[in-house]
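Heads up: the structure comes next, in structure tokens.
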Amino acid sequence: MSIQTSVQQLIEKLYNQKISEEQIQLQRTKKEFKGHLTLVVFPLLKISKKNPEQTANEIGEYLLQHELLIVEYNVIKGFLNLIIAPSYWLNLLNQIHSNEMFGFKEVSENAPLVMIEYSSPNTNKPLHLGHIRNNLLGYSLAEIMSANGYKVVKTNIVNDRGIHICKSMLAWKNWGNGATPESTGKKGDHLIGDFYVLFDKKYKEELKKLEEKGLNKEEAEKQSSLMADAREMLRQWEAGNEEIVSLWKMMNNWVYAGFDETYKRLGVDFDKIYYESETYLVGKEQVLEGLKKGVFSQKEDGSVWADLTADGLDNKLLLRADGTSVYMTQDIGTAKLRFNDYPINKMVYVVGNEQNYHFQVLSLLLDKLGFEFGKGLVHFSYGMVELPEGKMKSREGTVVDADDLIEEMVITARQTSEELGKLDNCTPEEAKNIVEIVGLGALKYFILKVDPRKNMTFNPKESIDFNGNTGPFIQYTYARIQSVLRKAQEQGITLSGKLSSGLELGLKEEELIQTLDSFPSIIEEAAETYSPAVIANYIYDLVKEYNQFYHDYSILGEKDMELKMFRLTLSFNVGKVIRNGMSLLGIRVPDRM
RNA sequence: GGUCCGGUAGCUCAGCUGGAUAGAGCAACAGCCUUCUAAGCUGUGGGUCGUGGGUUCGAAUCCCGCUCGGAUCACCA
């Protein structure tokens with residue numbers, strides 16, 4: 001029985017009446033006060049018919065006598081602070097100690113299946129900072145859901161068709177001289193991205209020339225032969241022109257090879273990848289079927305629409321007059337294919353908040369088409385990453401490239417590590433490994449610690465701090481814990497059996513253990529509200545406590561062997577919690593730094 | 001204009017299913033390396049929680065108005 005239930009039952013006995021769960025407000029005692037748990041007595045005043053202090057004392061006295069786990073209490077205003085018996089914490093610590101996967105739930109046979117879509121790149125450009133936030137959030141979400149006992153399928157939808165890809169292809173054909181990733185030494189996605197930029201440049205030159213001839217902007221855009229070529233290419237692609245399709249395949253494969261490298265370095269992966277080139281026709285079928293069923297309507301020009309005015313939204317186009325599909329149609333098709341492949345109970349889309357409206361509509365449409373998960377689909381909407389000067393703009397060249405950023409982080413990690421002499425005793429391989437983990441840990445924590453909903457500012461000049469509330473700080477703490485354990489082992493110190501005597505010393509450890517206690521529930525809560533930031537901050541709190549603890553210890557000095565044993569054990573468990581938490585977030589921790 | 005989201009220390013952010021004196025990091029200042037890793041620790045200063053009302057024992061937190069900022073309302077994806 002939990003302390004919560006026990007307290008509730010005892011109070012019911014004391015006042016001889018039924019008390020609801022909401023009336024029992026048991027929370028962690030603030031660190032300024034003495035105690036572990038605090039009961040807020042205000043909601044109980046109506047029942048006790050006494051003032052807050054009297055009520056608190058009355059309850060405190062009763063609990064002290066009837067609940068063995070409560071060994072002491074004090075009252076401050078309307079707050080009843082309870083002190084829990086060391087045996088309880090000891091027991092808890094032992095439980096944690098014996099459970100390697102502390103904080104993780106098992107995935108049962110009939111657990112609900114959640115599919116998480118994230119990343120969703122276009123194949124005409126390399127990944128950028130916005131994708132990094134998306135990837136880290138999506139991957140962390142998957143890890144958290146999985147740790148909470150869900151079956152998780154990570155998926156990616158690649159936007160591999162459309163006019164933008166044709167632009168890259170056209171530029172490559174016209175001015176590429178047969179360039180390949182091998183011949184240029186460029187990563188495939190960057191190579192294609194360069195051709196996309198090149199197309200834009202040539203197109204602008206063409207427009208300028210036309211405008212110099214006296215055409216206005218609109219006329220110039222209409223007369224542009226480059227744009228006409230691109231459109232023609234798209235038409236031929238859709239018609240299945242062999243030459244175009246094989247060029248398309250070759251170039252896309254270059255891009256995928258490039259993406260894979262970035263994903264791998266970032267530590268994210270997918271169970272199943274969908275391509276829009278394979279889903280857009282399915283979407284069309286679904287829409288036509290919906291039309292047959294009378295869910296959608298057709299205009300005179302042949303275009304198909306969904307009337308969502310009854311749901312407070314507008315009319316939405318689903319198929320153009322020429323029968324071609326739009327973005328929404330593709331998402332419907334993708335949903336269909338996915339549902340064919342997996343028994344999806346819950347669908348989560350990790351997509352930026354500029355598409356909030358789109359997903360509102362998609363949810364309604366899928367529901368109308370009879371998809372069970374449609375109504376309950378979750379758009380995990382996150383804010384944009386902005387630069388100090390404002391938004392990233394590809395036209396102004398202010399886009400922060402993902403590969404560049406990662407490389408910069410790792411380089412900075414190396415410089416800092418070398419300055420601090422952290423790598424002095426490492427082999428080159430070890431050093432490379434550590435620097436990679438630290439650099440990426442810094443980046444990941446920096447991104448994940450911010451509430452996903454909020455827009456965040458990224459300052460590339462100041463880059464990312466390695467001090468304070470950062471990934472490396474947490475990794476550092478973990479590394480130190482490992483060091484403690486190594487040295488303990490060298491001295492032949494074993495960890496078991498010495499706990500109770502350590503507790504007798506009555507130090508501050510209860511506080512620390514108490515935070516360990518609430519870890520699983522916090523994870524659960526975080527997963528429900530989809531906020532990895534909650535976990536990140538929680539872990540940070542834990543680490544703070546460890547450091548406080550360590551500081552006290554260095555001041556005390558250590559002659560007492562029992563005390564030492566106790567602290568070693570404790571450190572071990574904090575280390576485990578940190579490790580588990582970090583792995584949930586997809587952040588690796590080095591065991592030495 | 002409609003809808004949605006945000007506004008907390010100089011900066012970057014926590015806290016938001018109502019609870020005690022609103023917390024961290026950075027930046028500033030003052031201390032701490034023969035003692036398990038100083039990527040650290042301790043202390044000081046720094047706040048009309050955008051604003052006005054309401055709800056109540058109690059509001060950064062809930063409700064309403066206003067205001068500022070962002071997103072969106074395409075036969076783009």
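Here is the naming used below: chain letters follow the sequence lines, and residue numbers restart at 1 for every chain. Since the model is a prediction, treat every value here as computed from it, not as a measurement.
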inquiry  = Check the phosphate of B/U21 against A/K77, side-chain N and O only, distance under 4.0 Å to OP1 or OP2. Yes or no?
reply    = yes
Check your understanding: Would you say A/K449 reaches B/U12's phosphate, i.e. side-chain N/O to OP1/OP2 under 4.0 Å?
Key -> no
Using centres under 5.5 Å plus planes under 30 degrees as the test, is A/Y476 stacked with B/G40?
no
What's A/T38 touching, base or sugar-phosphate or nothing? Going by heavy atoms closer than 4.0 Å. base
Determine, for A/W305 and A/K316, whether the Lys NZ or Arg CZ falls below 6.0 Å from the six-membered ring centre while staying within 45 degrees of the axis.
no
Of A/M593 and A/Q25, the one whose nearest nucleotide on RNA chain B sits closer to the 5' end is A/Q25
ask   = Contact class for A/S417 (heavy atom, under 4.0 Å): base, sugar-phosphate, or nothing?
value = base
Practice prompt. Classify the nucleic acid contact of A/M456 as base, sugar-phosphate or nothing, counting any heavy atom under 4.0 Å across all strands shown.
Written response: sugar-phosphate
- [ ] For B/U37, take OP1 and OP2 only and decide whether either is under 4.0 Å from a side-chain N or O of A/R592.
- [x] no
Mark this stacking check for A/F473 against B/G40 as yes or no, applying ring centres under 5.5 Å and ring planes under 30°.
no
Exercise for review: Please determine, by modelled atom types, if A/Y275 and A/N159 share a side-chain donor-acceptor pair under 3.5 angstrom.
Suggested key: no
**Message:** Looking at A/Y280, I'd like to know if the NZ or CZ of A/R161 sits under 6.0 Å from its six-membered ring centre while staying within 45 degrees of the ring's axis.
**Reply:** yes
Here RNA chain B, pairs taken as Watson-Crick or G-U under 3.5 Å and shown with ( ), [ ] when crossing and | when to another strand, reads ((((((((.[[[[.)...(...]]]].(((((.......))))).....[[[[[..)....]]]]])))))))....
If you look at every strand shown and take non-hydrogen atoms under 4.0 Å, does A/D424 touch a base, only sugar-phosphate, or nothing? nothing
Quick note, A/V450 side chain, CB onward, closest among B/A38, B/A14, B/A39 is B/A14
The contact string for nucleotides 72-77 of chain B, one letter per nucleotide 5' to 3', using protein heavy atoms under 4.0 Å with B, S and - for base, sugar-phosphate only and none, comes out as SS-BSB
Ranking A/Q360 and A/N467 by the position along RNA chain B of their nearest nucleotide, the one closer to 5' is A/Q360
Practice problem: Could you tell me whether A/E436 and A/K432 make a salt bridge, using a distance below 4.0 angstrom between a side-chain N and a carboxylate O? | Solution: no
Taking B/A38, B/A14, B/G19 as options, the one with an atom nearest any side-chain atom of A/F79 is B/G19
Worksheet item: If we ignore angles and hydrogens, is there a donor and acceptor under 3.5 Å between the side chains of A/E278 and A/Y274?
Response: no
Quiz item: Looking only at side-chain N and O atoms, does A/T416 come under 4.0 Å of OP1 or OP2 in B/A39?
Solution: no
A/K454 has its side chain closest, among B/C26, B/G7, B/C57, to B/G7
Residues at least two apart in sequence or cross-chain that pass salt bridge (charged side-chain N to carboxylate O under 4.0 Å, His left out) with A/K50, listed by chain then number, are A/E58
task: Please state the P separation for the pair B/U61 and B/G19 - nearest whole angstrom.
output: 10 Å
- For A/K422 and B/A39, is the shortest distance between a side-chain N/O and OP1 or OP2 below 4.0 Å? yes
